[in-house]
2 protein chains.
Amino acid sequence: MARTSGSTASETGPKVAQAALRLFAQYGYAAVSMRQIAQDVGVQAGALYNYVPDKQTLLFGLLRDHMTDLLAARKLCIQSDDPGQALLTFVTFHIDFHLARPEAVFLSYMELRNLTAENFAVIEGLRKSYERELEAIIAAGCDQGYFDVRDAKIAAFAVIGMLKELQTWYRAEGRLDAKEIHALYWEMIAKMVGMARSA
Amino acid sequence: MARTSGSTASETGPKVAQAALRLFAQYGYAAVSMRQIAQDVGVQAGALYNYVPDKQTLLFGLLRDHMTDLLAARKLCIQSDDPGQALLTFVTFHIDFHLARPEAVFLSYMELRNLTAENFAVIEGLRKSYERELEAIIAAGCDQGYFDVRDAKIAAFAVIGMLKELQTWYRAEGRLDAKEIHALYWEMIAKMVGMARSA
DNA sequence: CTTTTATTTGAACGTGTGTTCAGTTAACGG
DNA sequence: CCGTTAACTGAACACACGTTCAAATAAAAG
């Protein structure tokens, strides 16, 4: 047997990425075999290599695309000169973007160590450039007297940590919807950075 | 060849656990082979099975011991009826305990999904009982009017998240020592829970 | 010194791994 | 309808995996 009826690269290609994303997120990169991915796609393992040079590059592609999407979406946010507004925008954007793609987010946190050194450096660079935006907002808010934190870098880490943890407990069918989560987190974060009651 | 000179179970046993902890934390459970662990111990792979029934149980044992240690150490904390003091104690304890054993902490966050369903349930139960302590402290502080948070459960998650993130950036040789980290995190957390300026 | 016990080796088992590729069939272009 | 290209199969490669176990040696006990 050979080419299967109805098969086109434009359909199989995305299926490969989706299956890999799903399986890597669920079981971990090292625990998922190319044959499992192939089965999920509905194809033999050999066929995957029409779409991906190797397993490592498959993982890297998923992480890089996720980070690229994140930064691209972030650029579309309306940026504000007011630090309070800028922080609110960042937090709201972060929550929406991340809650919408839990698997990619999970993968990006969990599988960094399975990247080669070179690939890791690329992803890490993208991640840092995102997190530095938050740090810059907090630092600016301090300089301008809107916020009150002793260490902007640590405060940024704290906010990132809070938001990361959100990923671990949020369920779409859960007690809180996105709107309530926005409100709760914004309340906590605004207090934490000592935001003056204006904005 | 067979038994090597100087070999005793009381030395090799702990070595196995240490090597597994180190390697699992660094490369991930699925990516580390029993032969790698054996090499780190300085022994052939077969010898590991004098100390561990299988790889899964080895992982489970590491995680369970970590959680057991955590809960035991926590019990030794002096508990306070004052919510502010109780929260401060919790935060300080958490930071000290976790910064002292980064590998076990990392493993406990990363390798939960590589546990069998039964083993996972055990670890998850231990973890929840720890995190519920924090939630109870925050809830009590709210009830008694010391704290001001809209949702104690979410606030507890937020604090846990902040502290988890600390693990990812802290380096012993870094800019901040434990004392400064205590102060910075306590400041942020006290503000976040809307703590009245007394305690 | 002899016997017993503790500890490890080294080979083997069956299975699974990522990856390659010649061969085969489906879809497409002329 | 034919030739070309696109897509996939299925087998194979060399190697690594977790685990078992008889045999062998070291340490401990008597």
Side-chain angles (χ1 to χ4, degrees), chain A residues 1-24 26-63 107 111 113-116 118-119, chain B residues 1-24 26-63 107 111 113-116 118-119:
Chain A
M1 311 187 185
R3 177 169 191 171
T4 55
S5 84
S7 62
T8 56
S10 61
E11 287 179 6
T12 307
K15 270 194 201 170
V16 171
Q18 287 163 27
L21 176 60
R22 202 178 63 76
L23 292 169
F24 286 166
Q26 185 163 7
Y27 302 108
Y29 170 77
V32 172
S33 71
M34 295 299 273
R35 285 173 177 84
Q36 284 177 61
I37 297 171
Q39 187 167 38
D40 199 273
V41 174
V43 98
Q44 295 299 314
L48 297 180
Y49 291 84
N50 291 330
Y51 303 96
V52 175
D54 51 48
K55 196 188 178 190
Q56 165 72 204
T57 307
L58 176 53
L59 173 63
F60 174 65
L62 292 172
L63 297 194
L107 207 66
E111 301 299 347
R113 62 175 162 187
N114 284 309
L115 294 172
T116 63
E118 290 149 358
N119 288 344
Chain B
M1 310 186 187
R3 179 170 188 172
T4 55
S5 83
S7 61
T8 56
S10 61
E11 287 181 6
T12 307
K15 270 194 200 170
V16 171
Q18 287 164 25
L21 175 61
R22 202 179 63 76
L23 291 169
F24 286 165
Q26 185 163 8
Y27 302 109
Y29 171 78
V32 172
S33 70
M34 294 301 271
R35 285 174 177 83
Q36 283 178 63
I37 297 171
Q39 186 167 39
D40 199 273
V41 174
V43 99
Q44 294 299 315
L48 297 180
Y49 291 84
N50 292 328
Y51 304 96
V52 176
D54 51 49
K55 195 188 179 189
Q56 165 71 205
T57 307
L58 176 53
L59 173 63
F60 174 65
L62 292 172
L63 297 194
L107 206 65
E111 301 299 347
R113 63 175 161 188
N114 284 310
L115 294 172
T116 63
E118 290 149 359
N119 288 344

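No experiment lies behind these values; they were computed from the predicted model shown.
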First encountered from the 5' end of DNA chain D, between B/Ser5 and B/Ala31
B/Ala31
Just call it for B/Val52: base, sugar-phosphate, or nothing, with non-hydrogen atoms closer than 4.0 Å on any strand.
nothing
Length of the CD-C1' vector between A/Glu11 and D/dA6, whole Å
14 Å
Separation of A/Met34 atom CE from D/dG10 atom P, in whole Å?
18 Å
Not counting sequence neighbours, which residues clear side-chain contact (heavy atoms from CB on, under 4.5 Å) with A/Tyr51? List them please.
A/Ala9, A/Thr12, A/Val16
Specify the closest pair of heavy atoms between A/Leu23 and A/Ile37, including all atoms of both residues, with the distance to one decimal.
CD1-CA, 3.8 Å
Measure NZ/A/Lys55 against P/C/dT17 and give the value in whole Å, please.
9 Å
A/Leu48 CG - C/dG18 P separation (whole Å)
10 Å
Would you tabulate the side-chain donor-acceptor contacts of residues 26-35 of chain A under 3.5 Å, counting partners in other chains and residues two or more places apart, or write 'none'?
residue	atom	partner	partner atom	Å
A/Tyr29	OH	A/Gln56	N	3.3
A/Ser33	OG	A/Arg35	N	3.4
A/Ser33	OG	A/Gln36	N	3.1

Testing the basics here: between B/Ala20 and B/Leu58, what is the closest heavy-atom pair and its distance to 0.1 Å?
CB-CD2, 3.7 Å
Considering only residues two or more places apart or on different chains, which pairs with a residue in residues 48-63 of chain A satisfy salt bridge (Lys or Arg N to Asp or Glu O under 4.0 Å)?
none
What residues form a side-chain contact (heavy atoms from CB on, under 4.5 Å) with B/Ala38, not counting sequence neighbours?
B/Val43, B/Ala45, B/Leu48
If each of B/Gly6 and B/Gln36 is mapped to the nucleotide of DNA chain D with the nearest heavy atom, which maps nearer the 5' terminus, i.e. the 5' end?
B/Gln36
A/Thr8 meets the side-chain contact (heavy atoms from CB on, under 4.5 Å) criterion, sequence neighbours left out, with A/Ser10, A/Glu11
Who pairs with A/Arg22 by salt bridge (charged side-chain N to carboxylate O under 4.0 Å, His left out), at least two apart in sequence or on another chain?
A/Asp40
Does B/Arg113 have any salt bridge (charged side-chain N to carboxylate O under 4.0 Å, His left out) partners at least two apart in sequence or in another chain, and if so, which?
A/Glu111
Whole-Å distance between D/dG18 P and B/Leu59 CG?
13 Å
note: A/Ile37, atom CD1; C/dT17, atom C1'; distance rounded to Å ~ 12 Å
Grab the N/O contacts between the protein and nucleotides 20-22 of chain D below 3.5 Å, and write none if there aren't any.
none

Provide, to the nearest angstrom, the distance between the CD atom belonging to B/Gln44 and the P atom belonging to D/dT25.
15 Å
With the criterion being N/O to N/O and under 3.5 Å, what pairs connect the protein with nucleotides 12-15 of chain C, and how long is each?
residue	atom	partner	partner atom	Å
C/dA12	N6	B/Arg35	NH2	3.4

Give me the distances for all protein-to-nucleotides 3-7 of chain C N/O pairs that come in under 3.5 Å?
residue	atom	partner	partner atom	Å
C/dA6	N3	B/Arg3	NH1	2.9
C/dT7	OP1	B/Ala9	N	2.7
C/dT7	O4'	B/Arg3	NE	3.3
C/dT7	O3'	B/Ser7	OG	3.3

Please list all pairs meeting salt bridge (Lys or Arg N to Asp or Glu O under 4.0 Å) that have one or both residues in residues 42-51 of chain A, counting only residues at least two apart or in different chains.
none
Under the salt bridge (charged side-chain N to carboxylate O under 4.0 Å, His left out) test, residues paired with B/Arg3 that sit two or more places apart
none
Whole angstrom value for the distance that separates P of C/dT17 from OH of A/Tyr29:
13 Å
